There are 2 protein chains.
Amino acid sequence: MNGTISKQALRRLPFYLEYLKKKQTEGVRNISATTVANDLKLNEVQVRKDLAAVSLTGGKPKTGYVATELIRDLESFLGYDNTKEAVIAGAGKLGQALLAYKEFERYGLDIVAAFDTDESVVDGKRVLPAEKMSDLCSRLKIHIGIICVPPECAQQVCDEMVACGILAIWNFTSVHLSVPSGVLVQYENLAASLAVLSQNLEFEIRDGHIF
Amino acid sequence: MNGTISKQALRRLPFYLEYLKKKQTEGVRNISATTVANDLKLNEVQVRKDLAAVSLTGGKPKTGYVATELIRDLESFLGYDNTKEAVIAGAGKLGQALLAYKEFERYGLDIVAAFDTDESVVDGKRVLPAEKMSDLCSRLKIHIGIICVPPECAQQVCDEMVACGILAIWNFTSVHLSVPSGVLVQYENLAASLAVLSQNLEFEIRDGHIF
DNA sequence: GTCAATTCGATAAATTTTTAACGATTTTGC
DNA sequence: GCAAAATCGTTAAAAATTTATCGAATTGAC
């Protein structure tokens, strides 16, 4: 257990966790970094380092890690055992999908409310009028805001969030957001992912693995 | 114009594009890498290199790039002008959101159909029964598959896609997919993004920029 | 018990990505 | 025209990330 971890490594942790849980349901008790690496098609040393960074007990030569312990350590490191509250701005299709996304619960994220111009109900959760966002965030001391509004309003909504105490913003729009220092913006950019995907695809097709 | 570009840089391109288009609507004709970097809070050299890698004409000292040309080059490089067809497996909330996501059109992605156990209609697009996926993908020579099914079925759906000629898979589930070499999997992992977000948030709170 | 096989953890090398430094080029103002 | 300011593109350095190497520790077979 190291405490610090690279950003890239951090992104891999949820993968390990998912994998380990699956293995556990299959009855696996011990698991080595080697096995994880082979199954997930990752470099062995990379996996070993990643796991070493989060595991409290470490692994044992020849046997590897105890699955239950490693899962616990991963969940703890990722903060899945310590629920954080968030709000969503924008209850269009994407906002609704996130609002209804059951997995967030497992990841320690509780979406307490969504806001939009039109009130409605999604999956049993109420969508409140946008004007109420500031008040609710301040009162409940919400620190995470998720932005799913149309690009034109993104910056304005962002400013509102910052004003009422939000410290981290998960931005699902494609626009850049200006925030004061001390506020985090994490971009979830479908266009960027798609770009990587199609570029690689083209590469594969052209450079001849296929055809 | 270089042709090759790093994966990280590729992910930044859609950002530049979005930004440039916004600037253009504001009447900007020429724009420098310096300005882009300042506005997007990126390193100047990085932006300059990224743009140099895609721009055919290059920029001119003192004036920078011609906005229209740079936009065109970015779109061309990203393949937005050359539409690729894709199918979606799984028309739950997320699948529906993607199916209805208008922006994909601008990114050169055309989702021609979605498949699920229950037939339905989403946003004017038909959701077809899952059994028809293989046939349709083969006939239309679809190369991109988007997976939004529950994690338990992900691998099975993936295998089906591979079997009918899909070469690139955009995986919105949290499970690892095994594919033969020559098939690409791009993971879109909300859990991973969330992990990065909350880790950074915790960091900020603890290490005292805030409180 | 000893030996071979496996895995860990650490240190070192290689690669990739980001950032800095600098000369060359073009515009603007005089 | 000429000097100053701004920007480009290139080359070099720094930082981050990935991959390789190696000795030590543990298990299981003989």
Side-chain angles (χ1 to χ4, degrees), chain A residues 1-13 15-16 19-20 23 28-67 69-70 73-74 77 187 192 195-196 199-200 203, chain B residues 1-13 15-16 19-20 23 28-67 69-70 73-74 77 187 192 195-196 199-200 203:
Chain A
M1 170 71 162
N2 186 325
T4 58
I5 195 171
S6 79
K7 194 172 164 180
Q8 308 296 324
L10 184 56
R11 291 190 67 88
R12 287 188 293 268
L13 299 186
F15 258 101
Y16 300 142
Y19 167 84
L20 290 170
K23 278 291 177 183
V28 171
R29 307 312 261 331
N30 293 291
I31 195 155
S32 72
T34 315
T35 310
V36 176
N38 286 338
D39 286 351
L40 298 183
K41 307 255 173 72
L42 293 171
N43 181 283
E44 190 180 318
V45 181
Q46 186 171 66
V47 174
R48 196 165 295 136
K49 275 193 173 175
D50 289 351
L51 297 185
V54 298
S55 171
L56 296 173
T57 52
K60 260 202 286 191
K62 188 77 179 177
T63 48
Y65 290 86
V66 178
E69 286 180 3
L70 190 51
D73 292 345
L74 274 166
F77 192 95
Y187 294 87
V196 175
Q199 173 98 358
N200 284 335
F203 225 66
Chain B
M1 170 71 161
N2 185 330
T4 57
I5 194 170
S6 79
K7 193 172 164 180
Q8 307 295 324
L10 184 55
R11 292 191 67 88
R12 285 188 293 267
L13 298 186
F15 259 101
Y16 300 142
Y19 168 83
L20 290 170
K23 278 289 176 185
V28 171
R29 306 314 260 328
N30 293 291
I31 194 154
S32 71
T34 314
T35 311
V36 177
N38 287 337
D39 286 352
L40 297 183
K41 308 255 173 70
L42 294 172
N43 180 284
E44 190 181 320
V45 181
Q46 185 171 65
V47 174
R48 197 167 295 135
K49 277 193 170 174
D50 289 350
L51 296 185
V54 299
S55 172
L56 295 173
T57 52
K60 261 202 284 193
K62 187 80 179 172
T63 48
Y65 290 86
V66 178
E69 286 179 3
L70 190 50
D73 291 344
L74 274 167
F77 191 95
Y187 293 88
V196 175
Q199 174 98 358
N200 284 336
F203 224 66

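A, B, ... follow the sequence lines: proteins, then strands. Residue 1 opens every chain. Predicted model, so just to flag it, every value in this text is computed and none were measured.
Minimum interatomic distance between V47(B) and A33(B) (heavy atoms only, all atoms of both residues): CG1-O, 3.7 Å. Contact detail for Y65(A) and G58(A): the closest heavy-atom pair is CE2-C, 3.5 Å. In this structure, L56(A) and D73(A) approach most closely via the heavy-atom pair N-OD2, 2.9 Å. D50(B) approaches Y16(B) most closely through the heavy-atom pair OD2-OH, 2.6 Å. Across all their heavy atoms, A195(A) and L10(B) have their closest contact at O-CD2, 3.9 Å.
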For this session: Determine, for nucleotides 25-30 of chain D in 5'-to-3' order, which nucleotides have protein heavy atoms under 4.0 Å from the base (write B), from only the sugar-phosphate (write S), or from neither (write -).
Result: BBB---

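DNA chain D is contacted by both S6(A) and V45(A); S6(A) maps to the nucleotide lying nearer its 5′ end (nearest heavy atom per residue). The nearest heavy atom of DNA chain C to K49(A) and to Y65(A) marks one nucleotide each, and the one closer to the 5' end goes with Y65(A).
Candidate nucleotides dT19(D), dT7(D), dG9(D) were compared by shortest atom distance to the side chain of A52(B), and dG9(D) ranks first.
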Exercise. Please walk me through it: do I31(A) and L20(A) pass side-chain contact (heavy atoms from CB on, under 4.5 Å)?
Worked result: CA-CA 8 Å; I31(A) 195 155; L20(A) 290 170; 3.6 Å; yes

Problem set entry | side-chain contact (heavy atoms from CB on, under 4.5 Å) between T34(B) and R48(B), worked out | CA-CA 8 Å; T34(B) 314; R48(B) 197 167 295 135; 3.5 Å; yes

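Chain A approaches DNA chain C over the interval dA5(C) to dA12(C), counting the first and last nucleotide 5' to 3' with an atom under 4.0 Å from its heavy atoms.
Taking atom CG of N43(B) as the reference point, atom P of dA15(D) lies 14 Å away to the nearest angstrom. Atom CG of D50(A) and atom C1' of dT19(D) are 13 Å apart (whole Å). Taking atom CG of L10(A) as the reference point, atom P of dT18(D) lies 12 Å away to the nearest angstrom. Distance CD (Q46(B)) to P (dA14(D)): 19 Å, rounded to an integer number of Å. Atom CZ in R48(A) sits roughly 12 Å away from atom C1' in dC22(D) (whole-Å rounding). Between the CZ atom of R11(A) and the P atom of dT18(D) there is a distance of 12 Å, given to the nearest Å.
Nucleic acid contact class of R12(A) (heavy atoms, under 4.0 Å, all strands): sugar-phosphate only. A33(B) comes within contact range of the sugar-phosphate backbone alone, with a heavy-atom separation under 4.0 Å but no base atom that close.
Here the straight-line distance linking atom NZ of K49(B) with atom CG of N43(B) works out to 9.5 Å at 0.5 Å rounding.
Side-chain contact check for N30(A) versus K60(A): every heavy-atom pair is 4.5 Å or farther apart.
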